[in-house]
Amino acid sequence: MESPTILKFTISLSFFCMLLLFASTLNPVFGLENCNFPAIFNFGDSNSDTGGLSASLITITPPYGETYFHKPAGRASDGRLMIDFMAKSLGLPYLSAYLDSLGANFSHGANFATSASTIRLPTNIIPAGGFSPFYLDIQYSQQFVQFKSRSQMIRKKGGLFATLMPMGDYFSKALYTFDIGQNDLGEGFFGNMTIEEVNASIPDIVNKFSINVKNIYNLGARSFWIHNTGPIGCLPYILANFLSAQRDSYGCAKSYNDVAQYFNHNLKEAIVQLRKDLPLAAITYVDVYSVKYSLFTKPKDYGFELPLVACCGYGGMYNYGVGCGETITVNGSQMFVGSCERPSVRVNWDGIHYTEAANKFVFDQISTGAFSDPSIPLKMACHNI
Ligand SMILES: *[C@@H]1O[C@H](CO)[C@@H](O)[C@H](O)[C@H]1NC(C)=O
Ligand SMILES: *[C@@H]1O[C@H](CO)[C@@H](O)[C@H](O)[C@H]1NC(C)=O
Ligand SMILES: *[C@@H]1O[C@H](CO)[C@@H](O)[C@H](O)[C@H]1NC(C)=O
Ligand SMILES: *[C@@H]1O[C@H](CO)[C@@H](O)[C@H](O)[C@H]1NC(C)=O
């Protein structure tokens with residue numbers, strides 16, 4: 001027979017359990033601990049390239065970087081990218097690009113993203129064409145695979161270089177982040193494909209993405225944070241090149257955004273399947289599209305203006321045509337194509353990429369988990385809920 005004290009304890013314990021159950025039904029992250037990610041390994045394109053393409057193929061020049069770094073910093077923006085704000089919020093240093101051989105420090109991660117990267121092998125590669133040779137298969141199969149094994153050989157050797165490499169157990173504890181797919185759509189739109197053909201190619205693009213996630217998991221990765229693709233039809237490089245494309249009520253090219261949304265629909269379904277195939281993985285799908293789109297639908301609410309117009313550029317109603325940082329001759333005199341007066345209130349930096357202010361806004365929204373599936377904050381994204 002239970003003594004009254006034990007009974008009381010049992011009752012209050014079960015009451016406590018019910019409370020916990022209730023709280024966790026209301027909020028699935030109730031009681032979860034911070035993951036304390038010791039490193040980030042990032043894969044992607046210019047949305048998260050911290051210097052890879054600039055170090056290897058196309059040098060980023062002024063006025064890129066002017067807002068935060070006060071000099072070009074390998075990023076396609078006036079300042080920091082979402083990946084920078086993510087690293088900072090997790091207490092980690094900004095990621096060095098894997099391709100940057102000068103001064104790189106990989107002790108808390110590495111960035112395999114390069115600007116102009118695609119998921120699928122692109123047809124036209126820099127310098128003969130517009131796309132990065134470092135597409136997702138290469139970022140995984142050549143670069144990440146080598147990085148994982150060679151960094152550990154270097155650690156074993158000791159000395160100065162060992163201190164620049166991540167510890168062996170970081171690979172399983174790290175956050176693996178992805179922001180890629182926009183250029184697969186862009187390659188289709190700027191190639192000779194119709195919108196319908198680009199749309200029809202999406203299942204294959206997303207399938208190739210999934211294969212890479214599985215391969216990375218098989219090397220020990222467990223926590224994945226995957227951005228969907230943004231509203232490409234709101235960017236000057238689409239708007240200025242497809243002037244006759246139908247606009248939505250905010251001035252964005254509707255069918256181009258529809259294709260982006262179809263990509264996101266496929267990506268979300270692929271992630272549902274990945275969760276089944278990779279039972280030990282915590283995979284967070286992050287709806288970056290909705291947050292970026294809100295910058296075009298309600299810019300004033302968030303302190304922004306002229307969201308469809310490039311801050312740094314020249315030409316036409318979207319201020320896009322001559323590239324940011326180029327020099328042109330207008331009315332017989334030379335003119336440097338520089339930044340607009342107030343990049344801090346602008347959404348678009350150079351016609352393709354977002355300003356630091358916009359990147360910060362998007363980061364602030366997504367890091368809480370409010371736009372994630374499952375709804376989990378960035379710092380808790382190791383939990384398989
Ligand atoms: C590499 O980065 C880590 C973490 O930020 C830092 O503690 C270390 O001093 C850096 N190493 C060098 C050689 O700069
Ligand atoms: C599109 O087709 C035209 C005519 O066949 C060709 O000249 C051009 O190079 C093609 N563009 C791409 C990106 O394949
Ligand atoms: C893309 O394909 C899907 C599935 O066939 C279809 O539902 C959607 O309307 C298509 N979107 C566009 C813009 O063609
Ligand atoms: C060039 O000249 C035209 C015609 O006088 C003028 O409208 C335009 O503003 C000038 N452009 C620049 C950049 O000064």
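In this chain, residues are counted from 1 in sequence order.
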message: Regarding Ser210 and Gln273, do their side chains bring together a donor and an acceptor under 3.5 Å, going by distance alone?
response: no
task: Classify the ring geometry between Tyr237 and Phe190 as parallel (under 30°), tilted (30 to 60°) or perpendicular (over 60°).
output: parallel
message: Please determine whether the number of non-hydrogen atoms from other residues, nucleotides or ligands lying under 6.0 Å from atom CZ of Phe336 exceeds 12.
response: yes
- prompt: Mind checking whether Tyr98 and Phe134 have ring centres under 6.0 Å apart?
  reply: no
task: Please report the C-alpha distance between Phe209 and Phe178 in whole Å, then the side-chain angles of each, then the deciding distance to 0.1 Å, and finally whether the ring pair (Phe, Tyr, Trp, His ring centres under 6.0 Å) criterion is met.
output: CA-CA 10 Å; Phe209 176 80; Phe178 297 81; 5.5 Å; yes
message: Quiz question: by atom type and distance under 3.5 Å, do the side chains of Asn105 and Ser96 form a donor-acceptor pair?
response: no
field: Modelled atom types, side-chain donor and acceptor of Asp248 and Tyr293, under 3.5 Å
entry: yes
message: For the residue pair Arg346 and Phe304, would you count it as a cation-pi contact if the rule is NZ or CZ under 6.0 angstrom from the ring centre and within 45 degrees of the ring axis?
response: no
field: Verify same cluster id: Trp349, Tyr354 (apolar side-chain graph, 4.5 Å)
entry: no
- request: Please confirm whether the backbone N or O of Ser372 pairs with a side-chain atom of Ser375, one donor and one acceptor, at under 3.5 Å?
  value: no
task: Report, as yes or no, whether the 6.0 Å neighbourhood of atom CD on Glu305 holds more than 12 heavy atoms from other residues, nucleotides or ligands.
output: yes
- prompt: Is Asp49 reaching over with its side chain to a backbone N or O of Asp45, donor-acceptor style, under 3.5 angstrom?
  reply: no
- request: Could you tell me whether the side chain of Tyr94 and the main chain of Ile83 form a donor-acceptor pair under 3.5 Å?
  value: no
task: Return yes if a side-chain donor-acceptor contact under 3.5 Å exists between Gln139 and Ser117, otherwise no.
output: yes
field: Side-chain donor-acceptor pair present, Asp179, Ser48, cut-off under 3.5 Å
entry: no
- request: Give a yes or no answer on whether the side chain of Ser201 reaches the backbone of Val198 with a donor-acceptor pair at less than 3.5 Å.
  value: yes
message: Through direct or indirect side-chain contacts below 4.5 angstrom among Ile, Leu, Val, Met, Phe, Trp and Tyr, which residues connect to Val330?
response: Tyr314, Val322, Ile328, Met335, Val337
query: Counting only N and O atoms by type, is there a donor-acceptor contact under 3.5 Å from the side chain of Asn228 to the main-chain atoms of Tyr289?
result: yes
query: Shortest non-hydrogen contact from His108 to Pro93?
result: CB-CD, 3.8 Å
task: May I ask you to decide if Thr229's main-chain N or O and Asn264's side chain share a donor-acceptor pair within less than 3.5 Å?
output: yes
- prompt: Is a side-chain N or O of Asn218 found less than 3.5 angstrom from the main chain of Lys214, in a donor-acceptor match?
  reply: yes
- request: For Asn36 and Asn34, test the side chains for any donor-to-acceptor distance below 3.5 angstrom and give the result as yes or no.
  value: no
- prompt: Okay, side chain of Glu356, backbone of Arg80: is any donor-acceptor separation there less than 3.5 Å?
  reply: yes
query: Below 4.5 Å, heavy atoms only, C-beta onward: do Asn47 and His227 meet side chain to side chain?
result: no
query: Donor-acceptor pair, Gln152 side chain versus Pro166 backbone, under 3.5 Å?
result: yes
Candidate list Asp137, Asp184, Asp204, Asn183, test side-chain hydrogen bond (donor to acceptor under 3.5 Å, both in side chains), partner Arg120, passing option: Asp204
query: Do side-chain atoms of Asp84 reach the backbone of Leu81 as a donor and acceptor pair under 3.5 angstrom?
result: yes
task: Kindly check if Cys340 and Cys312 bring their SG atoms closer than 2.5 angstrom.
output: no
